[in-house]
There are 2 protein chains.
Amino acid sequence: MLPFEVQHQPGKPVSEQLIYAVKKAVAQGRLQTGDSFPSVRTLSRELRINPNTAQKAVTQLTQAGILEIEPGIGTRVRKQAKLSTAEASAILDEPVESLVIEAKRLGLTLEQLEARMRKTWKNLNH
Amino acid sequence: MLPFEVQHQPGKPVSEQLIYAVKKAVAQGRLQTGDSFPSVRTLSRELRINPNTAQKAVTQLTQAGILEIEPGIGTRVRKQAKLSTAEASAILDEPVESLVIEAKRLGLTLEQLEARMRKTWKNLNH
DNA sequence: CTAGGTGTATTAGTGCTCATAGGACACCTA
DNA sequence: TAGGTGTCCTATGAGCACTAATACACCTAG
(Lines give C-alpha, C1' and ligand atoms only; values in the text may rest on other atoms or scores of the structure.)
Protein backbone atom coordinates (compact mmCIF):
# COMPACT_ATOMS: atom_id res chain seq x y z
CA MET A 1 0.00 0.00 0.00
CA LEU A 2 1.33 3.39 -0.92
CA PRO A 3 1.61 6.08 1.77
CA PHE A 4 -0.41 8.55 -0.29
CA GLU A 5 -3.36 8.73 -2.66
CA VAL A 6 -3.35 9.82 -6.27
CA GLN A 7 -6.62 10.76 -7.91
CA HIS A 8 -6.05 10.84 -11.61
CA GLN A 9 -7.85 13.81 -13.09
CA PRO A 10 -7.95 13.51 -16.87
CA GLY A 11 -6.45 16.50 -18.59
CA LYS A 12 -3.71 17.11 -16.04
CA PRO A 13 -0.27 15.52 -16.31
CA VAL A 14 0.01 12.30 -14.33
CA SER A 15 3.49 13.18 -13.08
CA GLU A 16 2.28 16.48 -11.62
CA GLN A 17 -0.62 14.82 -9.87
CA LEU A 18 1.80 12.35 -8.31
CA ILE A 19 4.02 15.23 -7.20
CA TYR A 20 1.03 17.00 -5.68
CA ALA A 21 -0.12 13.87 -3.86
CA VAL A 22 3.32 13.46 -2.29
CA LYS A 23 3.48 17.12 -1.25
CA LYS A 24 0.05 16.77 0.31
CA ALA A 25 1.04 13.62 2.19
CA VAL A 26 4.11 15.42 3.55
CA ALA A 27 2.01 18.40 4.63
CA GLN A 28 -0.41 16.04 6.34
CA GLY A 29 2.35 14.20 8.11
CA ARG A 30 1.48 10.92 6.41
CA LEU A 31 5.02 11.02 5.04
CA GLN A 32 7.61 12.06 7.60
CA THR A 33 11.30 12.80 7.56
CA GLY A 34 13.29 9.62 7.12
CA ASP A 35 10.42 7.52 5.78
CA SER A 36 11.44 5.35 2.87
CA PHE A 37 9.77 6.27 -0.39
CA PRO A 38 8.50 3.68 -2.89
CA SER A 39 10.84 2.85 -5.74
CA VAL A 40 10.25 3.98 -9.28
CA ARG A 41 9.26 0.46 -10.29
CA THR A 42 6.89 0.04 -7.34
CA LEU A 43 5.21 3.34 -8.14
CA SER A 44 4.92 2.26 -11.76
CA ARG A 45 3.29 -1.03 -10.81
CA GLU A 46 0.94 0.23 -8.09
CA LEU A 47 -0.22 3.35 -9.94
CA ARG A 48 -0.25 1.64 -13.34
CA ILE A 49 1.86 4.35 -14.88
CA ASN A 50 4.99 4.21 -16.97
CA PRO A 51 8.31 3.92 -15.08
CA ASN A 52 9.51 7.04 -16.86
CA THR A 53 6.55 9.02 -15.59
CA ALA A 54 7.21 7.85 -12.04
CA GLN A 55 10.87 8.68 -12.36
CA LYS A 56 10.04 12.14 -13.66
CA ALA A 57 8.05 12.82 -10.49
CA VAL A 58 10.79 11.45 -8.24
CA THR A 59 13.40 13.57 -10.00
CA GLN A 60 11.39 16.76 -9.56
CA LEU A 61 10.59 15.95 -5.94
CA THR A 62 14.28 15.43 -5.31
CA GLN A 63 15.16 18.73 -6.96
CA ALA A 64 12.49 20.40 -4.84
CA GLY A 65 14.27 19.13 -1.74
CA ILE A 66 11.42 16.87 -0.66
CA LEU A 67 13.08 13.52 -1.34
CA GLU A 68 16.70 12.46 -1.18
CA ILE A 69 18.40 9.66 -3.05
CA GLU A 70 20.74 7.06 -1.57
CA PRO A 71 22.34 5.55 -4.67
CA GLY A 72 21.75 1.84 -5.04
CA ILE A 73 19.53 1.76 -1.96
CA GLY A 74 16.45 3.88 -2.45
CA THR A 75 14.73 7.16 -1.75
CA ARG A 76 13.79 8.79 1.54
CA VAL A 77 11.76 11.75 2.69
CA ARG A 78 14.28 14.50 3.32
CA LYS A 79 14.43 16.79 6.30
CA GLN A 80 12.86 20.05 5.22
CA ALA A 81 15.33 22.89 5.13
CA LYS A 82 13.97 26.23 6.26
CA LEU A 83 14.09 28.69 3.43
CA SER A 84 14.77 32.39 3.59
CA THR A 85 11.93 34.88 3.38
CA ALA A 86 13.02 35.84 -0.10
CA GLU A 87 12.96 32.25 -1.32
CA ALA A 88 9.55 31.63 0.22
CA SER A 89 8.25 34.80 -1.43
CA ALA A 90 9.46 33.72 -4.83
CA ILE A 91 7.51 30.50 -4.51
CA LEU A 92 4.35 31.83 -2.86
CA ASP A 93 3.87 35.20 -4.55
CA GLU A 94 2.25 33.84 -7.69
CA PRO A 95 -0.27 31.47 -6.13
CA VAL A 96 -1.17 34.02 -3.44
CA GLU A 97 -1.85 36.75 -5.99
CA SER A 98 -3.77 34.37 -8.19
CA LEU A 99 -5.94 33.26 -5.28
CA VAL A 100 -6.63 36.81 -4.14
CA ILE A 101 -7.64 37.85 -7.65
CA GLU A 102 -10.02 34.92 -7.94
CA ALA A 103 -11.54 35.57 -4.53
CA LYS A 104 -12.11 39.24 -5.30
CA ARG A 105 -13.69 38.32 -8.60
CA LEU A 106 -16.10 36.02 -6.78
CA GLY A 107 -17.12 38.81 -4.44
CA LEU A 108 -15.57 37.40 -1.28
CA THR A 109 -14.33 39.62 1.51
CA LEU A 110 -10.83 39.31 2.92
CA GLU A 111 -12.32 37.86 6.09
CA GLN A 112 -14.21 35.18 4.18
CA LEU A 113 -11.08 34.17 2.32
CA GLU A 114 -9.09 33.97 5.54
CA ALA A 115 -11.77 31.87 7.19
CA ARG A 116 -11.71 29.42 4.30
CA MET A 117 -7.95 29.22 4.47
CA ARG A 118 -7.88 28.58 8.22
CA LYS A 119 -10.37 25.77 7.76
CA THR A 120 -8.27 24.16 5.04
CA TRP A 121 -5.15 24.56 7.17
CA LYS A 122 -6.68 22.72 10.10
CA ASN A 123 -8.17 19.98 7.95
CA LEU A 124 -4.67 19.14 6.71
CA ASN A 125 -3.27 18.60 10.17
CA HIS A 126 -4.07 14.91 10.22
CA MET B 1 -3.11 51.65 -25.17
CA LEU B 2 -4.58 48.54 -23.61
CA PRO B 3 -6.23 48.78 -20.20
CA PHE B 4 -4.07 45.96 -18.84
CA GLU B 5 -0.56 44.57 -19.01
CA VAL B 6 0.52 41.18 -20.26
CA GLN B 7 3.94 39.90 -19.34
CA HIS B 8 4.71 37.01 -21.60
CA GLN B 9 6.38 34.25 -19.62
CA PRO B 10 7.81 31.64 -21.99
CA GLY B 11 6.51 28.18 -21.24
CA LYS B 12 3.02 29.26 -20.29
CA PRO B 13 0.22 29.53 -22.86
CA VAL B 14 -0.19 33.06 -24.20
CA SER B 15 -3.97 32.84 -24.08
CA GLU B 16 -3.93 31.96 -20.37
CA GLN B 17 -1.60 34.82 -19.57
CA LEU B 18 -3.96 37.17 -21.37
CA ILE B 19 -6.88 35.77 -19.39
CA TYR B 20 -4.95 36.22 -16.15
CA ALA B 21 -4.02 39.80 -17.02
CA VAL B 22 -7.65 40.68 -17.64
CA LYS B 23 -8.79 39.05 -14.40
CA LYS B 24 -6.11 40.99 -12.54
CA ALA B 25 -7.16 44.27 -14.15
CA VAL B 26 -10.76 43.62 -13.14
CA ALA B 27 -9.72 42.83 -9.57
CA GLN B 28 -7.67 46.04 -9.50
CA GLY B 29 -10.53 48.08 -10.83
CA ARG B 30 -8.57 49.10 -13.91
CA LEU B 31 -11.35 47.45 -15.86
CA GLN B 32 -14.81 48.25 -14.56
CA THR B 33 -18.33 47.14 -15.33
CA GLY B 34 -19.46 48.53 -18.66
CA ASP B 35 -16.00 49.38 -19.95
CA SER B 36 -15.55 48.45 -23.58
CA PHE B 37 -13.03 45.70 -24.16
CA PRO B 38 -10.56 45.74 -27.08
CA SER B 39 -11.59 43.77 -30.15
CA VAL B 40 -9.98 40.49 -31.10
CA ARG B 41 -8.13 42.16 -33.95
CA THR B 42 -6.91 45.04 -31.76
CA LEU B 43 -5.63 42.60 -29.17
CA SER B 44 -3.92 40.66 -31.93
CA ARG B 45 -2.20 43.77 -33.25
CA GLU B 46 -1.18 45.34 -29.93
CA LEU B 47 0.00 42.14 -28.28
CA ARG B 48 1.50 40.73 -31.46
CA ILE B 49 -0.36 37.48 -31.10
CA ASN B 50 -2.51 35.52 -33.51
CA PRO B 51 -6.16 36.58 -33.81
CA ASN B 52 -7.18 33.03 -32.96
CA THR B 53 -5.22 33.16 -29.73
CA ALA B 54 -6.88 36.43 -28.77
CA GLN B 55 -10.30 35.08 -29.62
CA LYS B 56 -9.66 32.00 -27.50
CA ALA B 57 -9.04 34.23 -24.48
CA VAL B 58 -12.12 36.35 -25.17
CA THR B 59 -14.26 33.25 -25.52
CA GLN B 60 -13.10 31.82 -22.20
CA LEU B 61 -13.49 35.16 -20.43
CA THR B 62 -17.02 35.35 -21.77
CA GLN B 63 -17.83 31.84 -20.58
CA ALA B 64 -16.39 32.77 -17.19
CA GLY B 65 -18.89 35.62 -16.99
CA ILE B 66 -16.26 38.35 -17.02
CA LEU B 67 -16.98 39.76 -20.49
CA GLU B 68 -20.19 39.97 -22.46
CA ILE B 69 -20.63 40.13 -26.21
CA GLU B 70 -22.85 42.50 -28.11
CA PRO B 71 -23.03 40.92 -31.55
CA GLY B 72 -21.72 43.13 -34.31
CA ILE B 73 -20.75 45.84 -31.85
CA GLY B 74 -18.09 44.64 -29.46
CA THR B 75 -17.27 43.32 -26.03
CA ARG B 76 -17.83 44.86 -22.62
CA VAL B 77 -16.88 44.11 -19.03
CA ARG B 78 -19.88 42.39 -17.53
CA LYS B 79 -21.45 43.11 -14.19
CA GLN B 80 -20.21 40.44 -11.83
CA ALA B 81 -22.94 38.11 -10.64
CA LYS B 82 -22.65 37.04 -7.04
CA LEU B 83 -22.17 33.32 -6.84
CA SER B 84 -23.48 30.93 -4.23
CA THR B 85 -21.20 29.62 -1.51
CA ALA B 86 -21.15 26.23 -3.17
CA GLU B 87 -20.07 27.65 -6.50
CA ALA B 88 -17.36 29.75 -4.90
CA SER B 89 -16.10 26.69 -3.03
CA ALA B 90 -15.86 24.65 -6.18
CA ILE B 91 -13.63 27.28 -7.71
CA LEU B 92 -11.51 28.18 -4.69
CA ASP B 93 -11.03 24.82 -2.98
CA GLU B 94 -8.23 23.62 -5.18
CA PRO B 95 -6.04 26.74 -5.18
CA VAL B 96 -6.57 27.23 -1.44
CA GLU B 97 -5.52 23.68 -0.61
CA SER B 98 -2.57 23.92 -2.97
CA LEU B 99 -1.42 27.15 -1.36
CA VAL B 100 -1.77 25.81 2.17
CA ILE B 101 0.23 22.69 1.30
CA GLU B 102 3.01 24.78 -0.22
CA ALA B 103 3.10 27.15 2.74
CA LYS B 104 3.29 24.28 5.23
CA ARG B 105 6.06 22.70 3.23
CA LEU B 106 8.03 25.93 3.40
CA GLY B 107 7.68 26.05 7.17
CA LEU B 108 5.36 29.04 7.36
CA THR B 109 2.88 29.47 10.17
CA LEU B 110 -0.78 30.15 9.51
CA GLU B 111 -0.29 33.69 10.77
CA GLN B 112 2.57 34.32 8.34
CA LEU B 113 0.52 33.06 5.43
CA GLU B 114 -2.43 35.25 6.42
CA ALA B 115 -0.18 38.29 6.73
CA ARG B 116 1.18 37.71 3.25
CA MET B 117 -2.31 37.35 1.87
CA ARG B 118 -3.59 40.54 3.51
CA LYS B 119 -0.65 42.42 2.03
CA THR B 120 -1.37 41.11 -1.45
CA TRP B 121 -5.06 41.90 -1.03
CA LYS B 122 -4.37 45.53 -0.20
CA ASN B 123 -1.80 45.95 -2.95
CA LEU B 124 -4.43 45.01 -5.50
CA ASN B 125 -6.83 47.71 -4.41
CA HIS B 126 -5.44 50.29 -6.77
C1' DC C 1 30.63 -13.79 -6.53
C1' DT C 2 25.83 -13.73 -7.90
C1' DA C 3 20.97 -12.28 -8.03
C1' DG C 4 17.97 -8.84 -7.57
C1' DG C 5 16.90 -4.56 -5.92
C1' DT C 6 17.85 0.60 -6.55
C1' DG C 7 18.20 5.18 -9.54
C1' DT C 8 19.49 6.78 -14.17
C1' DA C 9 19.85 7.34 -19.15
C1' DT C 10 18.72 6.53 -23.96
C1' DT C 11 15.93 6.10 -28.14
C1' DA C 12 11.55 5.75 -30.31
C1' DG C 13 6.72 6.50 -31.21
C1' DT C 14 1.91 8.36 -30.31
C1' DG C 15 -1.39 11.70 -29.09
C1' DC C 16 -2.55 16.12 -27.53
C1' DT C 17 -2.25 21.24 -26.83
C1' DC C 18 -0.58 25.67 -28.25
C1' DA C 19 0.23 28.93 -31.52
C1' DT C 20 0.41 30.33 -36.11
C1' DA C 21 -1.50 31.21 -40.88
C1' DG C 22 -4.98 32.39 -44.18
C1' DG C 23 -9.45 32.62 -45.35
C1' DA C 24 -14.56 32.94 -44.80
C1' DC C 25 -19.25 34.20 -42.83
C1' DA C 26 -23.11 36.89 -40.28
C1' DC C 27 -23.89 40.81 -37.74
C1' DC C 28 -24.20 45.88 -36.76
C1' DT C 29 -23.06 50.89 -37.40
C1' DA C 30 -21.83 55.09 -39.76
C1' DT D 1 -22.15 50.41 -49.05
C1' DA D 2 -17.78 50.22 -46.31
C1' DG D 3 -15.68 48.87 -42.39
C1' DG D 4 -15.86 47.40 -37.93
C1' DT D 5 -17.39 43.46 -34.75
C1' DG D 6 -17.45 38.25 -33.13
C1' DT D 7 -17.24 33.61 -35.06
C1' DC D 8 -15.82 29.60 -37.63
C1' DC D 9 -12.98 26.66 -40.68
C1' DT D 10 -8.82 24.00 -42.35
C1' DA D 11 -4.03 23.39 -42.19
C1' DT D 12 0.70 23.40 -40.34
C1' DG D 13 4.58 23.27 -37.16
C1' DA D 14 6.46 23.02 -32.45
C1' DG D 15 6.52 21.29 -28.01
C1' DC D 16 4.95 18.42 -24.18
C1' DA D 17 3.06 14.19 -21.86
C1' DC D 18 3.02 9.62 -21.85
C1' DT D 19 4.23 5.13 -23.24
C1' DA D 20 7.55 1.49 -24.58
C1' DA D 21 11.68 -1.20 -24.41
C1' DT D 22 16.33 -1.27 -23.26
C1' DA D 23 20.66 -0.67 -21.01
C1' DC D 24 23.93 0.87 -17.42
C1' DA D 25 26.07 1.73 -12.66
C1' DC D 26 25.30 1.19 -8.00
C1' DC D 27 24.35 -1.31 -3.59
C1' DT D 28 22.71 -5.21 -0.65
C1' DA D 29 21.49 -9.93 0.68
C1' DG D 30 22.41 -14.62 -0.01
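Chain letters run A, B, ... following the sequence lines, proteins first, then strands; residues in each count from 1.
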* To do: List the steps, then state whether ring-ring contact (aromatic ring centres under 6.0 Å, His included) holds for B:F37 with B:F4.
  => CA-CA 10 Å; B:F37 191 77; B:F4 51 85; 5.8 Å; yes

* Among the nucleotides D:dC8, C:dC18, D:dA23, which one has an atom lying closest to any side-chain atom of B:E16? -> C:dC18

* Both distances under 3.5 Å, Watson-Crick or G-U wobble: report the partner of C:dG23, or none. => D:dC8

* To do: Output yes when at least one side-chain N/O atom of B:S15 is less than 4.0 Å from OP1 or OP2 of C:dC18, else no.
  => no

* Asked: Of all the choices, C:dG7, C:dC28, D:dA21, which nucleotide is nearest to the side chain of B:I73 once you look at every atom?
  -> C:dC28

* To do: Using a heavy-atom cut-off of under 4.0 Å over every strand shown, decide if B:E70 touches base, sugar-phosphate, or nothing.
  => nothing

* Does a donor on one side chain and an acceptor on the other come within less than 3.5 Å for B:K56 and B:N50? -> no

* Between A:I69 and A:N52, who's closer to the 5' end of DNA chain C by nearest nucleotide? -> A:I69

* **B:K56 side-chain proximity, nearest of C:dT8, C:dC18, C:dA21** => C:dC18

* **Listed nucleotide nearest any side-chain atom of B:V40, set D:dT7, C:dG7, C:dC18** => D:dT7

* Asked: Around atom CD of B:Q9, are there more than 12 heavy atoms of other residues, nucleotides or ligands at under 6.0 Å?
  -> yes

* Structure fact -> The residue, A:P13 or A:G72, whose nearest nucleotide of DNA chain D is more 5′ is A:P13

* Asked: Between A:T53 and B:P71, which is nearer to the 5' end of DNA chain D once each is assigned its nearest nucleotide?
  -> B:P71

* Asked: Just how far is it from atom CG of A:L18 to atom CG of A:L61, taken to the nearest 0.5 Å?
  -> 6.5 Å

* Out of C:dA21, C:dT6, D:dG6, which nucleotide sits closest to the side chain of A:S39? -> C:dT6

* Please determine if a side-chain N or O atom of A:T59 lies less than 4.0 Å away from the OP1 or OP2 oxygen of C:dG7. => no

* Listed nucleotide nearest any side-chain atom of A:N50, set D:dT19, C:dT20, C:dG7 -> D:dT19

* Asked: Rounding to a whole Å, what distance do you find between B:K12:NZ and C:dT17:C1'?
  -> 17 Å

* Residue pair B:R76 / B:D35, side-chain heavy-atom distance below 4.5 Å -> no

